[in-house]
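So the structure is just underneath, and the comments pick up after that.
Residue numbers start from 1 in every chain, and the chains themselves are labelled A, B, ... in the order their sequence lines are given, proteins ahead of strands.
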Number of protein chains: 2
Amino acid sequence: MITLTSAEENYLKAIYHLSDGGKKGVSTNDVSAEMKTKPASVSDMLRKLGEKEVIEYRKYYGLHITEEGKKLALQTIRKHRLWEVFLVEKLKFSWDEVNEVADELSHVKCKVLIQRLDEYLGFPKFDPHGDPIPDEYGDVRARPRQLLNELDLGSTGQIVAVKDSSPAFLRYLDKVGAYIGARIKVMDKTEFDGSVEILVDNKKSIFMSKDVAGNILVMV
Amino acid sequence: MITLTSAEENYLKAIYHLSDGGKKGVSTNDVSAEMKTKPASVSDMLRKLGEKEVIEYRKYYGLHITEEGKKLALQTIRKHRLWEVFLVEKLKFSWDEVNEVADELSHVKCKVLIQRLDEYLGFPKFDPHGDPIPDEYGDVRARPRQLLNELDLGSTGQIVAVKDSSPAFLRYLDKVGAYIGARIKVMDKTEFDGSVEILVDNKKSIFMSKDVAGNILVMV
DNA sequence: TTTTATTTTTAGCCTACCCTAAATCATAAA
DNA sequence: TTTATGATTTAGGGTAGGCTAAAAATAAAA
Ligand SMILES: [Mn+2]
Ligand SMILES: [Mn+2]
Ligand SMILES: [Mn+2]
Ligand SMILES: [Mn+2]
């Protein structure tokens, strides 16, 4: 049985995200940027992850995540997202405050803890940022989603997730009144700068830059 | 501001317990036995804890915990016991399963997390083993307690805590039907071996060896 | 195809925490 | 008062995970 340290779990989770779930290859510098550690440190870690066969690593040519690696990454993601739900739903954290704490909590080694937590939370399918929570076998029920800035004029849908979950972005969404679950309609699009105007819950009109709209995912 | 690593927190908590809350001096070997690490490793750690001034350490002569050390130890104990309550009350763990997991959880660095957890749990005053939970200033409301094997024949009281909280002992108590909160009466005492017979909740009679009774704390 | 720029790895060092073996100190016994 | 015993510390080494600086490999440009 493969066991990973906390640091290895963090790297593997980052690699999984960079791999877009296993489709893309990933470079040392990619990982370095994502993890905010120096490329030299990354090289060393990649060698170790390669030896544990959670990635396939060729010196100077980057890496691919393996099937085993995907499974383990999904388990770490599952733990992280369940803790985020706990923090928001039970402890009344706001969605921009949970990432670091959930990261620490997600490294607690106890299988039954996560099962019980999942049950206690009512087997949630999505985390506070709209990201899907893998089940204990690593299966993810994905929803078809589109970027808000790519929707046609007049189309309607529901905000289901955010691409960027930095505190700054999330607080901005809170401020303008956009939230996961909101029903929206595209009222206006400006070709020149890619900005959009949307109507939220048939009530409130919001103007958004392309940058903002490009980080909001909508289910039509 | 003094910050401790997880390992330092664990050592300091052990030292606090060995000090009996600050009354007794503690030797390197005491800590070694409690922490299950070699005396050589303990020496090294004591030097570090001495530099951080959470203990007063004199080479070859043992240590005393400082006021600052007591405060920090009580904060760690608070976190540990709150997580134990969470695991038992919310996640339906049994009281013999929570110690290790609560230990890991208690090292998560987030002040507000503990405040929110405390609030969410309804500001509990005691953990599942009957041990008091210090408040955020480190104040502990102690209850007057007596060892069950030292009670007089015929006296009554309530089980409020256990001295030994090893899984083996706790499971034994579950088996015979003793639990925190149970009302008891001493029905018989055998001078020869120190064993006692108690009546639980005016219903069930339990026979206990001196070893068992000596690890049960009763409020008269 | 050669040179240059960029990426990646290696080498060497650091901190934290643990270990064993050897040295040292304190103290109890002779 | 000397010696022996036991407790404690030091010395040296291991793993994990960082870092910087230098070397090496790849990729891009000339
Ligand atoms: Mn997160
Ligand atoms: Mn999330
Ligand atoms: Mn405990
Ligand atoms: Mn306890």
Side-chain angles (χ1 to χ4, degrees), chain A residues 1-15 18-19 24-65 69 72-73 76 100 103-104 106-109, chain B residues 1-15 18-19 24-65 69 72-73 76 100 103-104 106-109:
Chain A
M1 220 252 132
I2 302 169
T3 49
L4 302 178
T5 65
S6 295
E8 287 169 344
E9 277 187 359
N10 284 338
Y11 271 97
L12 191 59
K13 191 168 59 160
I15 287 168
L18 289 168
S19 308
K24 294 199 281 255
V26 176
S27 74
T28 300
N29 268 3
D30 292 343
V31 177
S32 168
E34 182 76 14
M35 292 294 295
K36 295 180 174 85
T37 50
K38 300 290 157 183
S41 308
V42 173
S43 281
D44 208 49
M45 183 54 90
L46 294 184
R47 189 185 43 72
K48 282 191 280 188
L49 293 174
E51 279 166 13
K52 292 195 173 182
E53 298 184 19
V54 295
I55 62 171
E56 205 179 289
Y57 170 52
R58 269 186 64 211
K59 268 200 241 182
Y60 294 103
Y61 290 91
L63 64 97
H64 291 266
I65 194 165
L72 290 171
T76 303
E100 289 76 11
D103 251 332
E104 283 193 67
S106 71
H107 296 303
V108 173
K109 301 275 180 261
Chain B
M1 221 254 132
I2 302 168
T3 49
L4 302 178
T5 65
S6 294
E8 287 168 345
E9 277 188 357
N10 284 337
Y11 271 96
L12 191 59
K13 191 168 59 162
I15 287 168
L18 290 167
S19 309
K24 295 200 280 255
V26 176
S27 73
T28 299
N29 267 2
D30 291 343
V31 177
S32 168
E34 181 76 15
M35 291 294 296
K36 296 183 174 83
T37 50
K38 300 290 156 181
S41 309
V42 173
S43 281
D44 207 50
M45 182 56 89
L46 293 184
R47 189 185 43 71
K48 283 192 282 186
L49 292 175
E51 279 165 12
K52 293 196 173 182
E53 299 185 15
V54 294
I55 63 171
E56 206 178 288
Y57 171 52
R58 270 186 63 210
K59 267 201 243 181
Y60 294 104
Y61 289 91
L63 65 99
H64 291 266
I65 194 164
L72 290 171
T76 304
E100 288 75 12
D103 252 332
E104 282 195 68
S106 71
H107 296 304
V108 173
K109 302 277 181 256

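- Here B:Leu63 contributes atom CG and B:Arg58 contributes atom CZ; the two are 12.0 Å apart, rounded to the nearest 0.5 Å.
- No side-chain heavy atom of B:Thr76 sits under 4.5 Å from any side-chain heavy atom of B:Leu12.
- Residues from residues 35-42 of chain B lying near DNA chain C, meaning a heavy-atom separation below 4.0 Å, are B:Thr37, B:Lys38, B:Ala40, B:Ser41 in numerical order.
- Screening A:Leu18, A:Val42, A:Asn10 against A:Met35 for a side chain to side chain contact (heavy atoms under 4.5 Å, CB included) leaves a single residue, A:Asn10.
- A donor-acceptor pair is defined here as one N or O able to donate and one able to accept, closer than 3.5 Å; no such pair exists between the side chain of B:Thr37 and the backbone of B:Ser32.
- Listed pair B:Asn29 / D:dG6 fails the phosphate criterion, with no side-chain N or O lying under 4.0 Å from OP1 or OP2.
- A search for side-chain contact (heavy atoms from CB on, under 4.5 Å) contacts involving B:Ser6 returns B:His107, not counting sequence neighbours.
- Within 4.0 Å of A:Ser43, counting heavy atoms only, lies at least one base atom of the nucleic acid.
- A heavy-atom distance below 4.5 Å is found between the side chains of A:Ile15 and A:Ile55.
- As rounded to whole Å, 13 Å separates atom C1' of D:dT8 from atom CG of B:Leu63.
- Atom CG of B:Asp44 is separated from atom C1' of D:dG13 by 13 Å (rounded to the nearest Å).
- Within 4.0 Å of B:Thr5, counting heavy atoms only, lie sugar-phosphate atoms of the nucleic acid but no base atom.
- Nearest heavy atoms, A:Val54 versus A:Ile65: O-CG1, 3.6 Å.
- The two residues B:Thr28 and B:Pro39 have their closest heavy-atom pair at CG2-O, 3.8 Å.
- A heavy atom lying under 4.0 Å from DNA chain D marks the following residues of residues 52-59 of chain B, by number: B:Tyr57, B:Lys59.
- A:Asp103 places a side-chain heavy atom less than 4.5 Å from the side chain of A:Lys13.
- Look at OH on B:Tyr61: it is 14 Å from C1' on D:dT9, rounded to the nearest Å.
- The distance from atom CD of A:Glu8 to atom C1' of D:dT15 is 12 Å, rounded to the nearest whole Å.
- Following rounding to the nearest Å, B:Asp30 (CG) and D:dG6 (P) show an atom-to-atom distance of 17 Å.
- If you check D:dG17, D:dT8, D:dT26 against the side chain of B:Thr28, the one that comes closest is D:dT8.
- Boundaries of the chain A contact region on DNA chain C are C:dT7 to C:dT10, first to last in 5' to 3' order (nucleotide atom under 4.0 Å from a heavy atom).
- Within the structure, the salt bridge (Lys or Arg N to Asp or Glu O under 4.0 Å) test picks out the following pairs touching residues 26-45 of chain B (sequence neighbours left out): B:Asp44-B:Arg47.
- Residue B:Leu46 contributes atom CG, which lies 10 Å from atom P of D:dT8 at whole-angstrom precision.
- Under the side-chain contact (heavy atoms from CB on, under 4.5 Å) criterion, B:Glu8 pairs with B:Leu4, B:Thr5, B:Met45, B:Lys48, B:Leu49, B:Lys52, sequence neighbours left out.
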